[in-house]
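This one's a predicted model, so the numbers in the text were calculated from it and none came from an experiment. As a basis for the values below, the full set of heavy atoms in this structure was taken, side chains included, without hydrogen atoms, waters or symmetry mates. Sequential numbering from 1 along the given sequence is applied to the chain's residues.
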Amino acid sequence: MFRHWLKLFIMIAVFAVLVMTGCESGPSHESSAPKETVQPDFPEEKLDQPPVKPVIRKEGDQEYVDLTAQVTNIEIAKGYTYHAWTFNGTVPGPILRVKEGVTIHMTLRNLDPNLPHSMDMHAVQAAPSKHFIDVNPGEDGTFIYKADNPGVFMYHCGTKPVLQHLANGMYGMIIVEPEAGYPTDKIVDREYTIVQSEFYKENDLQAFSEGEPTHVVFNGGTEAMKDQPFMAKAGDRVRFYVINAGPNHVSSFHIVGAIMDRVYLDGNPQNVLQGMQTVLIPAGGGAVIETEVNEEGEYTIVTHQFNDADRGATATLSVTR
């Protein structure tokens, strides 16, 4: 009798354990409950903020510049749109031009709702920890510094990772005109600006670090340089303000059929080179380049690293009578 009750007790205990823990052959509590509906993982719609015009005003030797950090779609080649991080909705950002010795009051308004951005200004000497700091989404920051060094310089977003902000389009040119001018000012007939830069697979930090660019461009695209050539007349002296925004490749700046008889490295009047066929401009560097064109015709402007020229870094100087 005792054995009978003991056997019955053991069977009840085993049954209880199976109910509590479940078993492989029986239905589980999870499988018998109604399943939660899974929402499809659609990407959020990309921002395309309309370009905001910069505000630039002068008061004596004080220069006030208001720029915006914003996200805008840009066309860098026919049918090829890039979802760019920008200054004022363009790549490159607005061309800034000031006189040597002025004080710049730079206000950066961050319209990007997702990321901080900043202003790294190559034209000034200032502590980055004070003057190049991040501006959070929806906020603005004002930074004051003197433009004591003449030349042609790059400005760009310096927020980490800097490579990501640069490769996504956050850069531009600032010209600081020498107080005494350049020796050739009186004989220059035309002036133009060129910013060389690279585009990679969109917002892909690994591609930015290790890959080859899909496009290398002048002034943010390939089509404008084809449809709107630089113009001059035979006998003109033409000056180009040039920077290479990179972020990774050097520029071997070359004008086919011309000699660059005056080159001011980084645009400083004291850094003079003469009779140059090709000018090497590192990423983050610049030059003021002059040439005389005496014969009418089409002069192609390239980086003489032709794999980059084939990716789009070409322009035309059209010379007429």
Side-chain angles (χ1 to χ4, degrees), residues 46-54 68 70-96 152 154 156 165-173 190-204 207-208 211-232 238-258 281 283 286 289 291 293 296-320:
K46 292 181 178 180
L47 284 174
D48 185 13
Q49 298 171 317
V52 176
K53 288 185 178 181
T68 63
Q70 59 181 99
V71 182
T72 304
N73 290 334
I74 61 168
E75 188 175 64
I76 61 176
K78 189 174 182 179
Y80 191 101
T81 298
Y82 192 97
H83 188 61
W85 304 357
T86 77
F87 289 109
N88 293 81
T90 64
V91 179
I95 301 295
L96 307 178
V152 57
M154 179 181 178
H156 64 88
H165 290 252
L166 268 175
N168 274 322
M170 301 196 78
Y171 46 81
M173 173 191 289
R190 298 169 190 265
E191 294 185 337
Y192 297 107
T193 59
I194 295 177
V195 177
Q196 179 176 319
S197 61
E198 305 138 33
F199 285 95
Y200 297 78
K201 183 179 178 182
E202 187 175 293
N203 197 22
D204 186 325
F208 298 163
E212 288 295 319
T214 59
H215 297 78
V216 182
V217 298
F218 288 158
N219 293 347
T222 60
E223 299 307 309
M225 296 292 93
K226 296 175 183 177
D227 298 339
Q228 301 174 17
F230 301 117
M231 301 299 298
V238 183
R239 174 183 290 167
F240 292 97
Y241 294 89
V242 184
I243 65 166
N244 176 20
N248 299 323
H249 291 202
V250 300
S251 175
S252 297
F253 190 85
H254 179 77
I255 305 173
V256 179
I281 304 176
I289 294 167
T291 186
V293 283
E296 63 183 284
E298 306 294 302
Y299 296 73
T300 303
I301 303 169
V302 298
T303 173
H304 215 284
Q305 295 179 238
F306 269 94
N307 59 344
D308 284 345
D310 287 346
R311 292 183 177 111
T314 66
T316 300
L317 175 62
S318 182
V319 179
T320 59

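- Summarising the local packing, CD of Glu75 is surrounded by more than 12 heavy atoms from other residues, nucleotides or ligands at distances under 6.0 Å.
- In this structure, CG on Asn73 lies 6.5 Å from OG1 on Thr81, to the nearest 0.5 angstrom.
- Pairing each heavy atom of Ala207 with each of Tyr200, the nearest pair is O-CD2, 3.4 Å.
- Here Ile194 contributes atom CD1 and Thr303 contributes atom OG1; the two are 11.0 Å apart, rounded to the nearest 0.5 Å.
- Here the NE2 atom belonging to His165 is positioned 14.5 Å from the OH atom belonging to Tyr171, to the nearest 0.5 angstrom.
- Side chains of Gln70 and Thr72: a donor-acceptor N/O pair is present below 3.5 angstrom, by distance only.
- Interatomic distance, OG1 of Thr214 versus CD of Glu198, reported as 10.0 Å (0.5 Å rounding).
- When every heavy atom of Ala77 is checked against every heavy atom of Glu223, the shortest pair comes out as C-CG, 4.1 Å.
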Point to revise | Test log, rule side-chain contact (heavy atoms from CB on, under 4.5 Å), inputs Trp85 and Asn203 | key: CA-CA 9 Å; Trp85 304 357; Asn203 197 22; 3.8 Å; yes
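- Between Gly220 and Phe199, the closest heavy-atom pair is O-CE1, 4.3 Å.
- Residue Val256 comes nearest to Tyr299 through the heavy atom pair O-CD2, 3.4 Å, listed as atom of the first residue, atom of the second, then distance.
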Exercise for review: Applying ring pair (Phe, Tyr, Trp, His ring centres under 6.0 Å), run through Phe240 and Phe230 and close with a yes or a no.
Suggested key: CA-CA 10 Å; Phe240 292 97; Phe230 301 117; 5.6 Å; yes
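- Residues Arg190 and Val293 are not in side-chain contact: their nearest non-hydrogen atoms beyond the backbone lie 4.5 Å or more apart.
- In this model, a donor atom of one side chain and an acceptor atom of the other lie less than 3.5 Å apart for Glu298 and Ser318.
- One finds the CD1 atom of Ile289 at 4.5 Å from the CZ atom of Phe253 (value rounded to the nearest 0.5 Å).
- Under the 4.5 Å side-chain criterion, counting only non-hydrogen atoms from C-beta, Val250 is in contact with Gln305.
- Side-chain atoms of Asn88 never come within 3.5 Å of backbone atoms of Pro51 as a donor-acceptor pair (strictly under, hydrogens ignored).
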Check your understanding: Which is it for His83 and Val71 under the side-chain contact (heavy atoms from CB on, under 4.5 Å) test, yes or no, and what are the steps along the way?
Key -> CA-CA 7 Å; His83 188 61; Val71 182; 3.3 Å; yes
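- Side-chain contact between Met173 and Val152 is present, with at least one heavy-atom pair separated by less than 4.5 Å.
- Side-chain atoms of Gln196 do not come within 3.5 Å of backbone N or O of Ala313 as any donor-acceptor pair.
- Glu296 has its side chain out of reach of Thr320: every pair of non-hydrogen atoms, C-beta onward, lies at least 4.5 Å apart.
- Taking CE of Met231 as the reference point, atom OG1 of Thr316 lies at 10.5 Å (rounded to 0.5 Å).
- In this structure, Asn244 contributes its side chain and Ile281 its backbone to a donor-acceptor pair below 3.5 Å.
- When Val52, Val91, Asn168 are each tested for a side-chain contact (heavy atoms from CB on, under 4.5 Å) with Thr86, only one passes: Val91.
- Judged purely by distance below 3.5 Å, without hydrogens or angles, the side chains of Tyr241 and Glu191 pair a donor atom with an acceptor atom.
- Minimum interatomic distance between Pro213 and Asp308 (heavy atoms only, all atoms of both residues): CG-OD1, 4.5 Å.
- Here the closest non-hydrogen pair linking His249 and Glu212 is CE1-OE1, 4.0 Å.
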